[in-house]
Amino acid sequence: MRAPGATRRLSVPEGMTAPLGYDAVAVPARFGPLLMPRLPRVGCVYADEAHWWWIVPSDSDYALEWPAPAQYAGGAVVPDAPDVPDLIHRPEGTIPYTPPIPLYLALCRLTGTTPTWSRPVSA
C-alpha cells in the first residue's frame, strides 16, 4: 500500500533517452484521440481512465500558459495516481518527446483558447 498523497513519476521506456530531461502534459482522456492525428510527431503517451499524459522536454512550460483543462507536470510527476498510467504509444527511435509547440497549438485549437503570443497586450 502507498501512503496517501504519494506521487508517481512516469518513466521513459528502456532503450530511450531524454537528453533534455522530461516533463509531461496531462489532458482529459476524451481529448487524447483528438490530439493524435493533429500532431506531426507523437512521443511517449501514457494513459489512465481520466487522463492522457504526453512526454515533452523539460521546461516546456517556459513562457507558455497551457490551456485548461491541461495540466503541466514538472518532472513528469503524476500526483495522487493510484497506479502509474500505462504506456499506450511509443515512438520509433530513442527520443520520447512530443514536440511541445504543436501539442500546445493543438490543445489551444481543441479548447478554443487563443495562444498566449496571439493575445492582446495592454500597455
Side-chain angles (χ1 to χ4, degrees):
M1 288 198 50
R2 296 183 325 115
T7 58
R8 297 193 182 251
R9 182 173 194 243
L10 300 174
S11 60
V12 172
E14 190 173 324
M16 299 194 98
T17 61
L20 302 174
Y22 66 98
D23 294 337
V25 176
V27 299
R30 70 181 184 276
F31 289 145
L34 301 173
L35 286 169
M36 293 287 266
R38 294 174 183 246
L39 298 170
R41 179 183 193 284
V42 177
C44 289
V45 180
Y46 297 79
D48 58 26
E49 290 182 14
H51 296 94
W52 282 29
W53 301 83
W54 305 78
I55 297 296
V56 295
S58 290
D59 300 322
S60 291
D61 61 338
Y62 181 77
L64 282 182
E65 291 176 34
W66 287 85
Q71 300 170 22
Y72 192 84
V77 173
V78 182
D80 299 320
D83 294 303
V84 174
D86 295 320
L87 180 67
I88 62 166
H89 183 269
R90 179 185 172 147
E92 291 185 27
T94 61
I95 303 298
Y97 306 125
T98 294
I101 297 302
L103 177 61
Y104 173 80
L105 291 172
L107 277 168
C108 285
R109 182 119 196 184
L110 283 176
T111 61
T113 303
T114 301
T116 50
W117 55 77
S118 297
R119 294 180 191 155
V121 177
S122 60

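Computed from a prediction, not measured in an experiment: that's the story for all the values here. The analysis underlying the following values was restricted to heavy atoms, covering all of them including side chains, and did not include hydrogens, waters or symmetry mates.
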Participant: About how many Å separate OH of Y46 and CZ of R90, when rounded to the nearest 0.5 Å?
Facilitator: 8.5 Å

Participant: Rounded at 0.5 Å granularity, tell me how far CZ in R30 sits from CH2 in W52.
Facilitator: 13.5 Å

Participant: Which distance, rounded to the nearest 0.5 Å, do you find between the CH2 of W54 and the SG of C44?
Facilitator: 11.5 Å

Participant: Is the shortest side-chain heavy-atom distance between T98 and V25 below 4.5 Å?
Facilitator: no

Participant: Kindly say whether G75 contributes a backbone atom to a donor-acceptor pair with the side chain of R9 at under 3.5 angstrom?
Facilitator: yes

Participant: In this structure, would V84 and L87 fall into the same cluster of hydrophobic residues linked by side-chain contacts under 4.5 Å?
Facilitator: yes

Participant: Give a yes or no on whether the backbone of M16 and the side-chain of T94 come within a donor-acceptor separation of less than 3.5 Å.
Facilitator: no

Participant: If Ile, Leu, Val, Met, Phe, Trp and Tyr residues are connected whenever their side-chain heavy atoms lie under 4.5 Å apart, and connections chain through other members, are V77 and V27 in the same group?
Facilitator: no

Participant: If you round to the nearest 0.5 Å, how far is CZ of R41 from CD1 of I95?
Facilitator: 7.5 Å

Participant: Going from CG on L10 to CG on D86, what distance comes out if it is rounded to the nearest 0.5 angstrom?
Facilitator: 10.5 Å

Participant: Over all heavy atoms of both residues, which pair between S58 and Y72 is shortest? Give the atoms and the distance, please.
Facilitator: C-OH, 4.2 Å

Participant: Would a hydrophobic clustering, with Ile, Leu, Val, Met, Phe, Trp and Tyr connected at side-chain separations under 4.5 Å, put L103 with L34?
Facilitator: yes

Participant: Using 0.5 Å steps for rounding, measure from the OG1 atom of T116 to the OH atom of Y104.
Facilitator: 3.5 Å

Participant: Keeping the roles fixed (side chain from Y97, backbone from L20), state whether a donor-acceptor pair exists under 3.5 Å.
Facilitator: yes

Participant: Hey, is the main chain of P85 close enough, under 3.5 Å, to the side chain of R8 for a donor-acceptor pair?
Facilitator: no

Participant: Report yes if the side chains of D83 and D48 come closer than 4.5 Å at any heavy-atom pair, otherwise no.
Facilitator: no

Participant: Over all heavy atoms of both residues, which pair between A106 and L35 is shortest? Give the atoms and the distance, please.
Facilitator: CB-CD2, 3.6 Å

Participant: Using only atom types and a distance under 3.5 Å, with no angle test, would you say the side chain of D23 pairs donor to acceptor with the backbone of V56?
Facilitator: no

Participant: Ignoring hydrogens and angles, tell me if any N or O in the side chain of T113 forms a donor-acceptor pair with the backbone of C108 under 3.5 Å.
Facilitator: no

Participant: Does any non-hydrogen side-chain atom of L110 lie less than 4.5 Å from one of R38?
Facilitator: yes

Participant: Would you say the side-chain atoms of W66 pair up with the backbone N or O of S60, donor to acceptor, closer than 3.5 Å?
Facilitator: yes

